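I have placed the structure first, in the form of structure tokens, so that the comments after it can refer back to it.
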There are 2 protein chains.
Amino acid sequence: MKAASSTAEQSSHDKILDAAEILFAKRGYAGVGLSELAEVVGLGKSSLFHHFENKAQLYAAVAARILGRIEERLVRSLAKGGDPIVRLERWLDELIDLLADHPTYARLLLRSLFEDDDLPGDTPEEQEAHRAIAGMMASVGALVREGMAVGLFRAANVQHLLLTLVGLTVFPFASGEFGAEVLGKDIFDPAEVRRRKRELRDLLRFGLVVNKGR
Amino acid sequence: MKAASSTAEQSSHDKILDAAEILFAKRGYAGVGLSELAEVVGLGKSSLFHHFENKAQLYAAVAARILGRIEERLVRSLAKGGDPIVRLERWLDELIDLLADHPTYARLLLRSLFEDDDLPGDTPEEQEAHRAIAGMMASVGALVREGMAVGLFRAANVQHLLLTLVGLTVFPFASGEFGAEVLGKDIFDPAEVRRRKRELRDLLRFGLVVNKGR
DNA sequence: ATTGAACCCGACCGATCGGTCGGGTCCCGC
DNA sequence: GCGGGACCCGACCGATCGGTCGGGTTCAAT
């Protein structure tokens, strides 16, 4: 929201990354041709190779940039104080806001989960992305464990809970037409984003099933 | 698990579908070449077009077959009696078992969510798949609403809950290396599948946060 | 015995793929 | 004014893409 509003006055390097992010999110790694990307950016295809070694490295750079931004914001979120409940709920809110503000993120994250299984994986960008993911998972894992230790969270399997939390947040914003159809509205609509945060918070607080006795 | 063990004695039509399911799940629509597929099946590339009109229709057929199988099993699950809690938990268990038994399913389902946004979408297979999805969502939606009406479920936004449930179940089995890394084990390991079902059930029953007062 | 459908193939098509190459333009430090 | 790097381009490369075509084989129905 701060910059990036004017498409002009932006280095070719960043314009390529921006366009590639949109295209890769929409059609995936194999579904995007470099000639198409070059045309969108407004460059010759061969100029892309001046800024990036090859297609795979460009893809890794796109993913790494997103991961870096997410990590930066979520690390700052966790750094703020509060008990584990507050910190976890704030973490989730922040992540949802991030995914909602950038419609390409959720899709590209899930797609990269699918594709990095067989992509090379030895570029520094990929290792950086991997490090960012692992770090974030470790941080939230520690937060959850702390909450359990002090009795604020119910005892549960931390690893499965992490998978659950990621699926809960990322999936809806990547679900495209399906999500819109189930929801009846656009998931990226601000009102729906607010609702999503509230619903998720209530689920963690109360579950779904009503426990009458207590 | 019942049949399909011997790769021989199977019509070319089905062999193509089986191989395409694996390949599409692994690398996505654009990432799979028909020559590669033909080679896996053991046919000439041109023979594929005897069984399917083109690549898009083949992909739609693969997706429709999976959706049909899922729908059939889940409809049977919902048909069995029980109060909404029992029915919902059984539905989730059944879906998880299904995804766990067929490692290609979760990935291909998510991928098709991503890709059907811009694929033609007018073939009968696609419409059949779309109908199956809509029907299942409607069934579970009705079940949830019923549970809320009789006071067994907490009042919540049904549409968001549906998205949540799908993400909760499908995502982990599609998360590949990421899921395995977070979990420390293979998600398709039977013990881990059992644990997943239990954790999910407990989350719906109790939430995550401990409510001391009641 | 002939037909015709089901099935399969190799050869081929135009298009596009990721990527290379040589050269051009611009600008900045010397 | 003279490099030299940053930046960009068109032409081109071999490979592969999805798909077509004509013809071959098998087999059941006539």
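Quick note on labels: first sequence line is chain A, next is B, and so on, each numbered from 1. Treat the numbers as computed from the prediction; the structure is a model and nothing was measured.
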- Message: Heavy atoms within less than 4.0 Å of DNA chain C: which residues of residues 35-44 of chain A have one? Give them sorted by number.
- Response: Ser35(A)

- Message: So which atom in Leu99(B) and which in Phe188(B) form the shortest heavy-atom distance, rounded to 0.1 Å?
- Response: O-CE2, 3.5 Å

- Pairwise distance CZ(Phe178(B)) to CG(Leu109(A)) - rounded to 0.5 angstrom: 9.5 Å

- Item | Check: Met148(B) and Val158(B) side chains under 4.5 Å, non-hydrogen atoms | yes

- Message: Need to verify one output field. Residue with the more 5' nearest nucleotide on DNA chain C, Ser46(B) or His50(B)?
- Response: His50(B)

- Tell me, please, which residues at least two apart from His160(B) pass side-chain hydrogen bond (donor to acceptor under 3.5 Å, both in side chains). Glu192(A), Arg196(A)

- Has Ser12(B) got a side-chain N or O lying under 4.0 Å from the OP1 or OP2 atom of dC7(C)? no

- Which nucleotide span of DNA chain D, 5' end to 3' end, has atoms closer than 4.0 Å to non-hydrogen atoms of chain B? dC17(D) to dC21(D)

- Item | Output field: ring centroids Phe173(A)/Tyr105(A) closer than 6.0 Å | no

- Query: Do Glu177(A) and His130(B) have side-chain N/O donor and acceptor atoms under 3.5 Å apart?
  - Reply: no

- Can you find a pair of side-chain heavy atoms, one from Leu203(A) and one from Leu204(B), that are under 4.5 Å apart? yes

- Message: Can you tell whether the side chains of Arg195(A) and Asp202(A) come within less than 4.0 Å, N to carboxylate O?
- Response: no

- Task: Give the rounded distance in Å between these two atoms: CZ of Phe52(B) and P of dC7(C).
- Result: 11 Å

- Task: Please check the phosphate of dC8(C) (OP1 and OP2 only) for any side-chain N or O of His51(B) closer than 4.0 Å.
- Result: yes

